[in-house]
There are 2 protein chains.
Amino acid sequence: MQDQEEKRFSAAPATLREVAQLASVSVATASNALNSPDRVSAELRGRVLRAVEQLGYVPHAAAQSLRRSRGKLVALMVPNLRNPFFVELVDAVERLVFARGYSLLLYSSGEDAEAEIRHLNLLRSYRIDGLILAPAGRREPSHSASLAALKAPVVLVDRTLDGFGFDTVVLDNHRAGQLAGEHLVGLGHRRIGVILGTSSLSAGRERLLGFKEALVASGVVFDSSLLREVGLRDSRAYDAAIDLFMQKPAPTAIFAGHSLVLLGVMRALAERRLRCPEDVSTIAVDDFPWAAAMTPRLTVIAQPVAEMAAASVDLLFGRIEGEAAGPGRRATLPPSLIVRESTARAPKVA
Amino acid sequence: MQDQEEKRFSAAPATLREVAQLASVSVATASNALNSPDRVSAELRGRVLRAVEQLGYVPHAAAQSLRRSRGKLVALMVPNLRNPFFVELVDAVERLVFARGYSLLLYSSGEDAEAEIRHLNLLRSYRIDGLILAPAGRREPSHSASLAALKAPVVLVDRTLDGFGFDTVVLDNHRAGQLAGEHLVGLGHRRIGVILGTSSLSAGRERLLGFKEALVASGVVFDSSLLREVGLRDSRAYDAAIDLFMQKPAPTAIFAGHSLVLLGVMRALAERRLRCPEDVSTIAVDDFPWAAAMTPRLTVIAQPVAEMAAASVDLLFGRIEGEAAGPGRRATLPPSLIVRESTARAPKVA
DNA sequence: CACCGTTTGTAAAACGTTTTAATAATCATA
DNA sequence: TATGATTATTAAAACGTTTTACAAACGGTG
């Protein structure tokens, strides 16, 4: 057995010619036997399959891709891998894509629109079948060219890019903000700091809108002097949080735009010797493995990452397989509030 | 401008033929102008380059890959993406690979040796130039066939696979264990629980060895009744920790084999209302973004992930570019102790 | 038995490159 | 001016598939 395996694979990868030869059929027949089995008699199909098995034949993806114009290749580009949301997304997408017999080309743009475009251009070479993109930053003028040049279906995830008509999968960000707001005012908080990651502009705006809406619905006025927008670097979030805690009176709760922001907030909290949730409650968008292992265990607004991944992949393959056409569809998935220990009733002293 | 971009890219991707045509040269010359510029006169080279620019020509990777036998494609396969170590590895490798003008095929085996082999077989189709592999589990008999069938250089990272002669990049696991042991006994701990992730068998064993060695060097006896081996699921680690805390006398410190294990431990701690580090100190291998944001901030043994990624990529391209030949080389990188707040002097009552 | 409609099989072209081997041009040398 | 020796250019083959267009074989009908 071991020996046979050895023999099977030691030589240069077998070609379809050799398979055909061994099965004493033409290459065309061999190809047909594999790709459209109904076009070839059972007899010959058997011979071919046996030969394939014996030679350990595997099709040459590049040759296939050259002839058909489909490479069984899909790309996923995310802004960074330090955000657990994207990590989960990558993980889920990889699995789904693999399940369909495709492989995944992974790119990380590093939250840099320039780099994103460079990646896109490199990507053109591969004639990918499709792209799932969580864009870095706003729409650049060159985006349109590079994206169009792909000549492949694109689905946008997490962040939108207007004016392209691409399929899009996003969280119901408005609802996410609402959830956070309702939860916090429900606990009696009135002075609430908000720190948004500015990167995902549209998402951030939506979340803020929903948040405000929840406040006014409860007759709480939103104090915009307690709003901060930071970049992607958590150190900025840390600074913003420190700054917020210096306000008089200090906020009794913080709503963080995403987990990276929260990371900065938690560091600031520790720094200022503020206890959570006794002194200040925190809530953030994004659930992630460590959220339940921290002390306190974090109250969060979870994104349905798995569902978002599934929706993206479904949408993408809908286009790839050509069933779907027409204008971009949009899937908006619901967030859910997970109450743990980082939020508590607002302290009396407020 | 917008319009020109439009024109540039709106048609089907330009072929080298068309470039040649536009530059009024033969395709051979066009090809040479791009690949071996010294073989063609400045005059013609200029014309070709201009035509390339004008048409927005990008080579067809599949066609290139078919003709040469190199696709500018490298694969990375990791056991899972929930372990922050692998996430960082993916991130770093992606960047390095991209910097060399290659693209990265990402696979996650899900800690499943079967799946790993399926992935490897799929991978054969792509005729990748090389593979960086963090294998799931032990060497399977079929591993050898699938790996050999790749016909591409392989470098193993984080976990070893014996008998293949592949280049390998690992942490100095022995030293990592030693560091943990020294730190803990230095703080006066005598009863120390050890929970290892069984998955990376060789790594785990090494870490344990180093740990024991540190103890005996200080005249502390290692109590093997305080050793647990768990799988990859953190719930198992949680169980093990709970179990450990039931021992009489209970351990005053826990050494966790990697961060996923630690996650279970911290959950158990919270559950049992044990304070860290007052009641029990914890130390684990792996540093990760959240480690410094938790309360307490975690004391860890950090792996030099960036360096490990760089070493892997260097080793791999050494083979790909053909400079390096001969038996597998091994890079062993040093861990470093990062003291934060999750370790403290052992309580007196021990 | 000649005819026709199905199957079943195959030869050859095509996909977009790179590379080999051959040709044409250039230039110094005898 | 003819002759090699270089250099610059190109035609054509090759890489491993899929697919198109055609031929062969086969069974049933009139």
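Chain A is the first sequence line, chain B the second, and so forth, proteins listed ahead of strands; every chain is numbered from 1.
Counting non-hydrogen atoms under 4.0 angstrom, B:Asn35 reaches the backbone sugars and phosphates but no base.
For A:Asn32, the side-chain atoms get nearest to C:dT10 when compared with the rest of C:dT10, D:dT10, C:dT17. Here the side chain of B:Ala28 is nearest to one of C:dT10, D:dT17, D:dA12, namely D:dA12. Among C:dT8, C:dT18, C:dT10, the nucleotide with an atom closest to any side-chain atom of A:Ser41 is C:dT8.
A:Leu96 is not listed as a side-chain neighbour of A:Phe98, based on a closest heavy-atom distance of 4.5 Å or more. A:Val157 is listed as a side-chain neighbour of A:Leu89, based on a closest heavy-atom distance under 4.5 Å. With contacts defined as side-chain heavy-atom distances shorter than 4.5 Å, the pair A:Phe164/A:Val154 does not qualify. A:Val74 places none of its side-chain heavy atoms less than 4.5 Å from the side chain of A:Ser103.
In terms of phosphate contacts, A:Thr29 brings a side-chain nitrogen or oxygen within less than 4.0 Å of OP1 or OP2 of C:dT10. Contact annotation: A:Arg67 does not reach the phosphate of C:dA14 (side-chain N/O to OP1 or OP2, under 4.0 Å). In terms of phosphate contacts, A:Thr15 brings a side-chain nitrogen or oxygen within less than 4.0 Å of OP1 or OP2 of D:dT17. Checking the phosphate oxygens (OP1, OP2) of D:dC15, no side-chain nitrogen or oxygen of B:Ser65 falls inside 4.0 Å. Taking 4.0 angstrom as the limit, A:Ser31 places a side-chain polar atom (N or O) nearer than this to OP1 or OP2 of D:dT18. For C:dT18, one of the phosphate oxygens OP1 or OP2 lies less than 4.0 angstrom from a side-chain nitrogen or oxygen of B:Gln64.
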- Task: Apply the test salt bridge (charged side-chain N to carboxylate O under 4.0 Å, His left out) to residues A:Glu111 and A:Arg159: give CA-CA distance (whole Å), side-chain angles for both, the deciding distance (0.1 Å), then the verdict.
- Result: CA-CA 12 Å; A:Glu111 292 286 6; A:Arg159 307 172 178 185; 3.2 Å; yes
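Atom CZ in B:Arg70 sits roughly 16 Å away from atom C1' in D:dC15 (whole-Å rounding). A:Leu16 has its CG atom 20 Å from the P atom of C:dC15, to the nearest Å. If you take CD of B:Glu43 and P of D:dA8, they are 13 Å apart, rounded to a whole angstrom. For the pair B:Glu18 CD and C:dT17 C1', the computed distance is 14 Å after rounding to whole Å. When rounded to the nearest whole Å, the span between CG of B:Leu34 and C1' of C:dT18 equals 12 Å. Atom C1' of nucleotide C:dT10 and atom CZ of A:Arg17 are separated by 14 Å, given to the nearest angstrom. When rounded to the nearest whole Å, the span between CG of A:Asp38 and P of C:dT7 equals 11 Å. We find that OH of B:Tyr126 is positioned 15 Å from C1' of D:dT17, with the value rounded to whole Å.
The nearest heavy atom of DNA chain C to A:Val27 and to A:Arg39 marks one nucleotide each, and the one closer to the 5' end goes with A:Arg39. Judged by closest nucleotide on DNA chain D, B:Ser24 is the one of B:Arg68 and B:Ser24 placed further toward the 5' end. Checking B:Arg127 against B:Leu44, the closest nucleotide of DNA chain D that is more toward the 5' end is the one next to B:Leu44.
Considering all non-hydrogen atoms of both residues, B:Ala113 and B:Ala136 come closest at CB-O, 4.1 Å.
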